[in-house]
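To start, the structure under review is shown below, and the notes come after it.
Numbering starts at 1 and runs along the sequence shown.
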Amino acid sequence: MNSLKISLALIILLISFQPVFSQTEVEPWGNITGIRIDGQLMEFESNISIVQKGWSQIKATYKERQRPKYSRKGDAQIISSNLDSLSFTETVTDTAKSSAKVNVQLMPQANMFVEGIYYTFMLPSENYADGSIQLNNLKPVKFTATDIAFTKYLQSPAKSIEFIAQKQGLKITFENPVSIIIKPGVDNNKKFIQVFIPMQTGNLEKGQTISKTFLVTASGPVDKKPITLSLNTAITGRPFKGLGGNFRLQNPRVDPQVIDYCLKNLRVVWGRVEMPWRQWQPAIDSNPIAMAKAGKLPLHVKESMEMAQRLYKMGMPVILSAWQPPAWAIIGTPKFRPGPDGVWGNPLDQTKANEIYKSIADYIQYLKDEYGTEITNFSFNESDLGINVRQTGEEHAKLIKELGAYFVSRGLTTKLLLGDNSDANTYTF
């Protein structure tokens, strides 16, 4: 026990004397979400914005809107990506405890007729609405000032701009003076103060290279009140039974190797497989069970069913999830990526609810009859977002009631998942 205490003490000492790096939180697609000071996050968000002529539309870097490449090199986080015809490389380097240097290089891949390209900061209104802004060394002005006074104040080019509030502050320092634009904004019902920093105003030409560098410094009080932890060894939690795995077959070259390794080396106790619904019943008037019994089961469907059977034979409950619906079951043209409005997927066609329920139940019945495999749960993958079936919370609740009742009428024990969500914070869905 004494040797254990000594070892723990040495570990704590080693941790205590390590320099604190990577205080800036950067998402893989390039948005900064804040800077931590002594572990406490000073919250804001940044993005790269393409602003169309007349500010008619703004398209910005956002989760799952791009295919970025993220890497780290020492204290630097490097993101390379594309937004429409704009290629960019963003490098965010921690320079001090509460500061980061941001360098953005823009490389248009085609001529772009736009209002401009801006690096945008979004400051939470709940933190900054009662605060003030200081341009260079001018006297600060409150955010609550009149529009005329505020607009006049921002006419001066900024070598630095500081946002001062009770809970936190943010200062941006530029290599060369720039003209700042500030506008109100709303995202997911949350209000922001948007700060637009021009990287290029006006049109861009293919092959043009633009580079901007600035320093971002966060500030604010850090909550250092002591925390008391109590450990009650008389009350134990549930035992750790093992891991759940998503065994959707997407990459024929590498997926089988990864699956074999995981099933042989990890304690996998729950499995999730794909229902390739689009291949199972491509036409509403087709009979997929008859086609399958006639030896015309599509290869991807066959392999997905065999995957479910493999997991079931290992003794684990199996979740069946559908990604891509057949065109007849949805409203609109099938969408496999977000549209210009950023919206994913398609809603189900409620006028074909009976056909939809039968198609899904037929798949589960065929698995049971031909593969000896019982499906524990069914879901549409991330239907709150729409990958690729999109539902409102009310539509999802209706599906659970109606499809669940249909399963019962068919003698199936399969239940529906309450939440197959895009993120853990979408609890309202």
Side-chain angles (χ1 to χ4, degrees), residues 20-49 58 60-66 68 70 72 75-79 90-104 118-135 140-144 158 160-174 180-197 214-225 227 342 421-428:
V20 180
F21 295 118
S22 300
Q23 292 296 296
T24 310
E25 288 195 355
V26 186
E27 298 288 8
W29 50 91
N31 293 14
I32 301 173
T33 55
I35 295 177
R36 291 192 178 275
I37 301 176
D38 292 338
Q40 182 162 323
L41 183 66
M42 301 302 167
E43 183 187 1
F44 60 87
E45 186 165 357
S46 73
N47 64 49
I48 296 172
S49 300
I58 299 175
T61 49
Y62 194 78
K63 180 181 179 181
E64 295 179 327
R65 190 171 285 169
Q66 308 140 240
Y70 173 94
R72 303 180 76 102
D75 297 336
Q77 300 178 68
I78 306 161
I79 298 93
E90 179 181 5
T91 305
V92 181
T93 308
D94 288 305
T95 57
K97 187 175 181 179
S98 59
S99 298
K101 182 176 74 172
V102 180
N103 173 262
V104 182
Y118 293 81
Y119 197 92
T120 307
F121 285 88
M122 296 184 293
L123 312 180
S125 293
E126 60 184 359
N127 293 343
Y128 286 93
D130 295 330
S132 58
I133 176 175
Q134 183 174 18
L135 207 67
V141 62
K142 299 282 288 185
F143 280 112
T144 53
S160 69
I161 185 168
E162 186 170 4
F163 303 92
I164 306 161
Q166 186 176 3
K167 292 184 179 179
Q168 64 185 71
L170 186 71
K171 184 175 183 179
I172 310 166
T173 307
F174 308 99
I180 304 296
I181 298 172
I182 295 181
K183 294 176 177 286
V186 179
D187 185 30
N188 291 328
N189 297 319
K190 191 173 182 180
K191 294 182 178 180
F192 291 92
I193 297 168
Q194 296 182 109
V195 184
F196 293 90
I197 299 166
F214 46 90
L215 184 71
V216 182
T217 303
S219 61
V222 177
D223 185 357
K224 294 186 178 181
K225 294 191 295 290
I227 297 173
N421 291 21
S422 56
D423 291 293
N425 58 4
T426 51
Y427 52 87
T428 53

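- Inter-residue side-chain proximity for Asp187 and Tyr62 is flagged as met; some heavy-atom pair is nearer than 4.5 Å.
- Note that the NZ atom of Lys97 and the CZ atom of Arg36 stand 14.0 Å from one another [nearest 0.5 Å].
- Using modelled atom types, no side-chain atom of Thr91 and backbone atom of Asn103 make a donor-acceptor pair closer than 3.5 Å.
- Using a 4.5 Å heavy-atom cutoff, the side chains of Val195 and Leu123 are in contact.
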side-chain hydrogen bond (donor to acceptor under 3.5 Å, both in side chains) evaluation trace for Glu25 with Thr33 = CA-CA 6 Å; Glu25 288 195 355; Thr33 55; 3.2 Å; yes
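- Contact annotation: the side chain of Ile32 approaches that of Val102 to within less than 4.5 Å [non-hydrogen atoms, C-beta and beyond].
- Summarising the local packing, CG of Asp38 is surrounded by more than 12 heavy atoms from other residues, nucleotides or ligands at distances under 6.0 Å.
- For the atom pair Ser125 OG and Phe192 CZ, the distance stands at 8.0 Å (nearest 0.5 Å).
- To the nearest 0.5 angstrom, Leu215 atom CG is 10.5 Å from Thr93 atom OG1.
- In plain terms, the two heavy atoms of Ser49 and Ala60 that are nearest each other are OG-CB, 3.8 Å.
- Heavy-atom contacts from other residues, nucleotides or ligands closer than 6.0 Å to CD of Gln166 number 12 or fewer.
- A 4.5 Å side-chain heavy-atom check between Ile133 and Phe163 finds at least one atom pair inside the cut-off.
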Would you sort out whether Lys183 and Phe196 count as a side-chain contact (heavy atoms from CB on, under 4.5 Å), showing the intermediate values?
-> CA-CA 8 Å; Lys183 294 176 177 286; Phe196 293 90; 4.0 Å; yes
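- Across every non-hydrogen atom of Ala165 and Asn127, the tightest pair is CB-O, 3.1 Å.
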List the steps, then state whether side-chain contact (heavy atoms from CB on, under 4.5 Å) holds for Phe44 with Ile35.
-> CA-CA 8 Å; Phe44 60 87; Ile35 295 177; 4.1 Å; yes
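- Put simply, the residue from Thr95, Ile37, Asp94 that forms a side chain to side chain contact (heavy atoms under 4.5 Å, CB included) with Gln23 is Asp94.
- Across every non-hydrogen atom of Ile79 and Pro68, the tightest pair is CG2-CB, 4.2 Å.
- Distance NZ/Lys63 to CD/Glu27: 8.0 Å, rounded to 0.5 Å.
- For the pair Gln134/Lys171, no side-chain contact is recorded, criterion being any heavy-atom separation below 4.5 Å from C-beta on.
- Inter-residue side-chain proximity for Lys167 and Tyr128 is flagged as unmet; no heavy-atom pair is nearer than 4.5 Å.
- Rounded to the nearest 0.5 Å, atoms CD (Glu126) and CD1 (Ile193) are 11.0 Å apart.
- Separation of atoms OG1 (Thr120) and CG (Asn47) is listed at 4.5 Å; rounding is to 0.5 Å.
- Residues Ala129 and Thr144 come closest through the heavy atom pair O-CG2, 3.9 Å.
- At least one side-chain heavy atom of Val222 sits less than 4.5 Å from a side-chain heavy atom of Met42.
- Residues Asn31 and Glu45 come closest through the heavy atom pair ND2-OE2, 3.1 Å.
- Side-chain N or O atoms of Gln194 include none that pairs as donor or acceptor with a backbone N or O of Ile182 at under 3.5 Å.
- Thr217 has its side chain out of reach of Glu162: every pair of non-hydrogen atoms, C-beta onward, lies at least 4.5 Å apart.
- Closest approach of Ile180 to Ala158, counting heavy atoms only: CG1-CB, 4.0 Å.
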